[in-house]
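Residue numbers begin at 1 in each chain, while the letters A, B, ... track the order of the sequences.
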Amino acid sequence: MHLKHKKKEIVTAIAMLIFSLVYLYGGVDLRVGTARNPGAGFFPLLIGLSLLVSSCLYLYQASRQPRAASNEDEPVEKLNLWVPAGIAVVIFVYPVLLRYMYFIPSTTLCLFALFRLMRFKGWTYSLLAALVIAVVIFVLFSRLGVILPNGAVEQFLL
Amino acid sequence: MDVLVNLMSGFAIAMQPSNLFYALVGVFLGTITGVLPGIGPTAAMTILISFTLGLEATSSTIMFAGIYYGAMYGGSVTSILLNMPGEAASVVTCVEGYQMAKKGRAGAALTMAAIGSFVAGTISIVGLMIGAVFLSSLALKFGPPEFLALGVCGLIMLVRMIDAPLLKSLIMVLFGMAVVSVGVDPMSGNERFTFGIYELGQGIDFLPVAMGLFGIAEVLKVAREGSDDHQQLISVRMRDLFPTREEWRRSVAPILRGSGLGFVMGLIPGPSHVISTFVSYACEKKLSKHPEEFGHGAIEGLAGPESANNAAVGGSFIPLMALGIPFTTATAMIMVSLLLHNIVPGPTLVRDHPDLFWGLIASMYVGNMTLLVINIPFAGILSKIMKIPTEFLMPVIIALCWVGVFSVNNSFVDLFILALFGIVGFFLADLKFDPAPLVLALVIGPMIESSLRQSLKMTGGSIGEVVTRPISLTMYLVTALIIMVPYLIKILRNKRFLKE
């Protein structure tokens, strides 16, 4: 997938604009107070308005960007976005798995998925490496006083 | 005299076997992580912070400072042996160090980098001892308007100094301020932007955001670009480790100059250690009797910048320790490490926690010595670490980030925040958004908000009175001057050009 630089900038500017509007909306119920006695909503209002103005300026700048600056004439490398997309999915899924499967099974599964995405050795090697790393991390950090979610497997190691 | 007595007690704390052990482990871990290509000191610190969480405050800070020093030196190893800078501050080391390595002087380059770092680190620690104590006694006189001025001026200077478009840096600062406003307002107790999610009531922690922006985003970038297995790794032989007499002679003055320059620049907000290396390089090139050698392996071009880099570390600790304001992302990480142990850095740190302050100072001497002792003989072994495949390393880094983030609050929401900011950092990096302003805004944003509100209450809503208090006004004027100077010089040069 090839994304032109100028379009990326415009999309980002719009995202910032939406964020600032949502932020301002989220602060509507907060008491702004007065300059003499600023309330909880005073600072968010200042920040929200500044962000709105900055995002508008950014959108304006991005839309006025000349075509040459967007590197359209230069050869565009074909970037491999499937691997980072896969990694992003794994890191989003991990907290859900961690909650229900506890540390070692969830970490092993996710590390295995990451090794496969990064094309590290073969399937068996990746699975073994994932398991060993998950166990080592659990034991090491438990010894350092860190409390990680533990079920039957982890209790056995502790 | 008091300073000496306190320093001796600091050494007594730092030389306790457990603290000595943690300093060594910190330097060792930091060096190994810093050696890994693409992992700079800040990313190394975010990844390794989880190792320090289970320790008590003094030991944790000692270990974490060791990680910082070690990671800074580790970046030099990749620059010299692989022509791959771990971060911007190592770019100059690549220019001269790699050229020296190609001529068979890799060992001498590594040794000089280590020795320069040691001397500069030692000099900057002396400056830190004196400067932090003096500044913290001055800062006890500061009120909310002065802290507001410090925070605002610090952010303005940071935004101006970093190598990113001004508007984008400003947006990152505002974005960081917006993120930090999530949670319970400390002054009124009202919930803000929590959307009914219980965990967000505690606010968005610094660590998941920093680890996402520096750790996860880096992994995603590496995954997109793929690893380069064709790099030529230059091997280092023990017998080539020592510089020649001529190399020693040519390095003394650059090391001393770099130390002074780096220390002063370390006081400035922003990427001071990066700026100090470029300034030192330019200075050495101008002063050198062999300017034609620059770019082809001039030892002055390595010794000076490496010293400046490390001296800036000591300088950057002063605002953190004395004022409680981190002006760099690395010191922001150290501040977070202290806050996690319920220690608030600032003017009262030296008075209320002298054991921690002087123990840290003394451990920095120990850490510097350790760098020299461990890293010179083990340079060859360290270089082998670079052969670990990225396909193995990146998932391990992600796992360490998971553990680090979860261990702070035992919160699953923090893991989602880590993932979110990892993706945000990945997309924004392409568009030249620097994460440093966002990270610093996260750390000093609460101070800026509370100082602003308290100042307005104090002055009955008069912003003029807040800005025109003597110390605050001085800070605003100095900041304005520093920002305007480059433009004024440009205008004067244009006028002179037109006259001619």
Side-chain angles (χ1 to χ4, degrees), chain A residues 5 8-9 12 16 19-20 23 26-27 30-31 34-44 47-48 50-51 54-55 57-58 61 79-81 83-84 87-88 90-92 94-96 98-99 107 110-111 114-115 117-121 129-130 133-134 137 141 143-149, chain B residues 50-51 53-55 167-168 170-171 174-175 177-178 181 185 187-190 192-193 195 216 219-221 223-226 389-392 394-396 398-400 402-403 406-407 410 412-413 415-416 418-420 422-423 426-428 430-431 433 448-449 452-453 456-457 460-463:
Chain A
H5 188 81
K8 257 191 193 174
E9 296 264 26
T12 306
M16 297 267 179
F19 175 82
S20 58
Y23 185 74
L30 296 170
R31 189 184 80 87
T34 59
R36 201 184 280 264
N37 187 18
F42 182 82
F43 198 67
I47 297 300
S50 306
L51 203 47
S54 309
S55 306
L57 272 170
Y58 178 37
Q61 261 185 10
L79 297 170
N80 177 13
L81 290 173
V83 176
I87 292 173
V90 171
I91 55 177
F92 262 111
Y94 179 71
V96 178
L98 182 67
R99 191 181 195 119
T107 308
C110 290
L111 274 175
L114 290 171
F115 282 138
L117 280 165
M118 299 290 286
R119 305 256 169 97
F120 174 66
K121 306 272 184 186
I133 289 165
I137 287 178
F141 282 92
R143 293 267 182 274
L144 288 172
V146 174
I147 299 170
L148 295 166
Chain B
S50 35
F51 284 92
L53 292 176
L55 307 173
L167 181 60
K168 291 182 177 179
L170 180 63
I171 288 174
L174 294 170
F175 188 39
M177 298 278 202
S181 63
D185 172 34
M187 290 176 80
S188 63
N190 292 124
R192 299 191 296 196
F193 310 103
F195 305 109
I216 304 291
V219 170
L220 292 173
K221 268 186 261 171
R224 180 183 62 182
E225 284 149 22
T390 24
E391 302 83 32
F392 174 78
M394 295 297 123
V396 173
I398 292 176
L400 288 174
W402 283 330
V403 173
F406 189 81
S407 59
N410 281 35
F412 297 99
V413 171
L415 292 170
F416 283 114
L418 171 76
L420 177 67
I423 292 163
F426 173 64
F427 280 115
L428 292 183
D430 271 351
L431 299 171
F433 280 88
I448 290 177
E449 181 183 2
L452 174 65
R453 287 163 73 179
L456 288 171
K457 280 187 176 171
S462 165
I463 195 75

Just verifying a value: how many Å separate [X] [atom1] and [Y] [atom2], rounded to the nearest 0.5 Å?
| X | Y | atom1 | atom2 | result |
| --- | --- | --- | --- | --- |
| A/Thr34 | B/Lys457 | OG1 | NZ | 9.5 Å |
| A/Arg31 | B/Ser188 | CZ | OG | 7.5 Å |
| B/Met394 | A/Leu117 | CE | CG | 14.5 Å |
| A/Ile87 | A/Met118 | CD1 | CE | 5.0 Å |
| A/Gln61 | B/Lys168 | CD | NZ | 8.0 Å |
| B/Asp430 | A/His5 | CG | NE2 | 8.5 Å |

Any idea which of [options] has the most non-hydrogen atom pairs under 4.5 angstrom with chain A?
| options | value |
| --- | --- |
| B/Leu55, B/Val413, B/Leu174 | B/Leu174 |
| B/Trp402, B/Phe416, B/Phe195 | B/Trp402 |
| B/Ile398, B/Leu170, B/Val396 | B/Ile398 |
| B/Ile463, B/Leu456, B/Asn190 | B/Leu456 |

Region of [X] that comes under 4.5 Å of a non-hydrogen atom in chain B:
| X | result |
| --- | --- |
| A/Ile137 | side chain |
| A/Tyr94 | side chain |
| A/Phe42 | side chain |
| A/Thr12 | side chain |
| A/Arg119 | backbone |

Under 4.5 Å heavy-atom distance to chain A, tell me which part of [X] shows up: side chain, backbone, both or neither.
| X | answer |
| --- | --- |
| B/Ile171 | both |
| B/Phe193 | side chain |
| B/Leu452 | side chain |
| B/Ser407 | both |
| B/Leu418 | neither |
| B/Phe406 | side chain |

Exercise for the section: Could you label the plane-to-plane angle of the B/Phe392 and A/Phe115 rings as parallel, tilted or perpendicular, counting under 30° as parallel and over 60° as perpendicular? Expected result: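 Because their plane-to-plane angle is under 30°, the rings of B/Phe392 and A/Phe115 count as parallel.
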
Problem - Mutual orientation of the aromatic rings belonging to B/Phe175 and A/Phe19 [parallel < 30°, tilted 30-60°, perpendicular > 60°] - result: perpendicular

Exercise for the section: Check whether any side-chain heavy atom of B/Phe426 sits under 4.5 Å from a side-chain heavy atom of A/Pro84, and report yes or no. Expected result: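 Yes, at least one pair of side-chain atoms sits under 4.5 Å.
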
Practice task
Over all heavy atoms of both residues, which pair between A/Leu51 and B/Ala178 is shortest? Give the atoms and the distance, please.
Solution key: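 In terms of heavy atoms, the two residues are closest at CD2-CB, 4.5 Å.
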
Handout entry: Heavy-atom closest contact (A/Ala134 atom, A/Leu111 atom, distance)
Key = N-CD1, 4.2 Å

Pairs of heavy atoms under 4.5 Å with chain B: top-ranked of [options]:
| options | value |
| --- | --- |
| A/Pro149, A/Ser54, A/Ala129, A/Gly26 | A/Ser54 |
| A/Ile133, A/Leu57, A/Leu98 | A/Leu98 |
| A/Gly48, A/Pro44, A/Ala88, A/Ala130 | A/Pro44 |

